[in-house]
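Comments concern the structure below.
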Amino acid sequence: MSLDELRAEIEGIDRDIVELIARRTYVADAVADVKAQQDLSTTDEAQEEAVMARAGENAEAFDLDSNLVKAVFRLLIELNKIEQREHGPIDRRHEDTWTDE
C-alpha cells in the first residue's frame with residue numbers, strides 16, 4: 001500500500017473510533033439515567049476498576065501497552081462523567097447513525 005492509502009485507512013479507523021466513543025457515551029448516559037431512576041450513585045468505583053482491568057486484558061490480547069490503553073479508558077470514563085454533568089438526559093440525535101458490528 002502507498003503512504004496515501006495507509007493514511008486514508010487510518011482516517012477511516014479514526015472516524016470509527018470517534019463513532020465508538022459516541023456509542024459508548026450514549027450507553028453510559030443510559031446507565032446514568034437508570035441509576036438516577038433507582039436512586040443510585042452515579043460514581044461506581046468497583047465498576048470503574050472492572051473497566052480498567054478489562055481494558056488492560058484486552059490490550060494484552062492485542063499485544064498493546066496496557067498502561068497506555070488504560071490511560072485512554074480513564075479519559076473515556078472522565079468524558080462520560082463530564083457529559084453526564086453537562087448534558088443531563090440522553091441525547092438521541094445520532095443513535096440511528098450507529099452501526100451494529
Side-chain angles (χ1 to χ4, degrees):
M1 292 183 104
S2 73
L3 181 58
D4 287 341
E5 291 170 326
L6 291 169
R7 285 181 174 161
E9 186 170 347
I10 287 175
E11 184 178 324
I13 292 167
D14 289 348
R15 186 192 183 291
D16 292 344
I17 290 169
V18 172
E19 180 180 348
L20 289 170
I21 291 169
R23 288 177 61 189
R24 187 183 196 286
T25 299
Y26 167 78
V27 174
D29 285 348
V31 168
D33 285 350
V34 170
K35 285 181 177 182
Q37 292 168 3
Q38 297 178 4
D39 199 28
L40 299 171
S41 173
T42 56
T43 301
D44 184 342
E45 291 181 23
Q47 179 61 22
E48 288 181 23
E49 288 175 20
V51 169
M52 298 305 287
R54 192 169 54 241
E57 292 167 5
N58 287 331
E60 290 172 6
F62 287 97
D63 198 28
L64 296 171
D65 183 313
S66 65
N67 288 325
L68 291 176
V69 171
K70 286 179 182 180
V72 170
F73 273 81
R74 174 58 52 207
L75 290 171
L76 290 173
I77 289 168
E78 292 305 313
L79 169 68
N80 293 146
K81 289 179 180 180
I82 291 167
E83 286 287 319
Q84 290 169 15
R85 281 192 302 263
E86 291 181 356
H87 299 19
I90 295 174
D91 179 357
R92 298 179 188 273
R93 288 177 294 180
H94 302 290
E95 179 180 10
D96 61 340
T97 64
W98 297 326
T99 58
D100 289 330
E101 308 296 310

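For Lys70 against Gly56, the heavy-atom pair with the smallest separation is CE-CA, 3.7 Å. Of all the heavy atoms in Ser66 and Ala59, the pair that sits closest is CA-CB, 3.7 Å.
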Requested in this report: Would you please test Thr43 and Glu48 for side-chain contact (heavy atoms from CB on, under 4.5 Å) and show each step?
Outcome: CA-CA 8 Å; Thr43 301; Glu48 288 181 23; 4.0 Å; yes
Report task. Carefully, step by step, assess Asn58 and Arg54 under the rule side-chain contact (heavy atoms from CB on, under 4.5 Å). Result -> CA-CA 6 Å; Asn58 287 331; Arg54 192 169 54 241; 3.8 Å; yes
Query - side-chain contact (heavy atoms from CB on, under 4.5 Å) between Arg24 and Leu79, worked out - result: CA-CA 10 Å; Arg24 187 183 196 286; Leu79 169 68; over 6 Å; no
Report task. Go through the steps for Asp44 and Lys35 under the test side-chain contact (heavy atoms from CB on, under 4.5 Å), then give the verdict. Result -> CA-CA 10 Å; Asp44 184 342; Lys35 285 181 177 182; 3.7 Å; yes
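Taking 4.5 Å as the limit, every side-chain heavy atom of Glu60 sits out of range of all side-chain heavy atoms of Val69. For the pair Ile17/Ile13, a side-chain contact is recorded, criterion being any heavy-atom separation below 4.5 Å from C-beta on. Looking at Asp29 and Asp33, their side chains never come closer than 4.5 Å, going by heavy atoms from C-beta outward. Using a 4.5 Å heavy-atom cutoff, the side chains of Met52 and Ile77 are in contact. At least one side-chain heavy atom of Leu3 sits under 4.5 Å from a side-chain heavy atom of Arg7.
Residues Leu64 and Val51 share a single hydrophobic cluster, defined by chaining ILVMFWY side chains whose heavy atoms lie under 4.5 Å apart. A continuous path of Ile, Leu, Val, Met, Phe, Trp and Tyr side chains, each step under 4.5 Å between heavy atoms, connects Phe73 with Ile21, placing both in one hydrophobic cluster. A single hydrophobic cluster is seen to contain both Leu76 and Phe62, as judged by linkage of ILVMFWY side chains at heavy-atom distances under 4.5 Å, directly or through other members.
With Glu5 contributing its side chain and Ser2 its backbone, the two residues share a donor-acceptor pair below 3.5 Å.
Atom CE of residue Met1 and atom CD of residue Glu9 lie 5.0 Å apart, to the nearest 0.5 angstrom. Considering CD1 of Ile82 and OG1 of Thr25, their distance stands at 10.5 Å, rounded to 0.5 Å.
Remark: Glu11 CD is loosely packed, at most 12 non-hydrogen atoms of other residues, nucleotides or ligands lying under 6.0 Å away.
Taking 4.0 Å as the cut-off between side-chain N and carboxylate O, Glu78 and Lys81 count as a salt-bridged pair.
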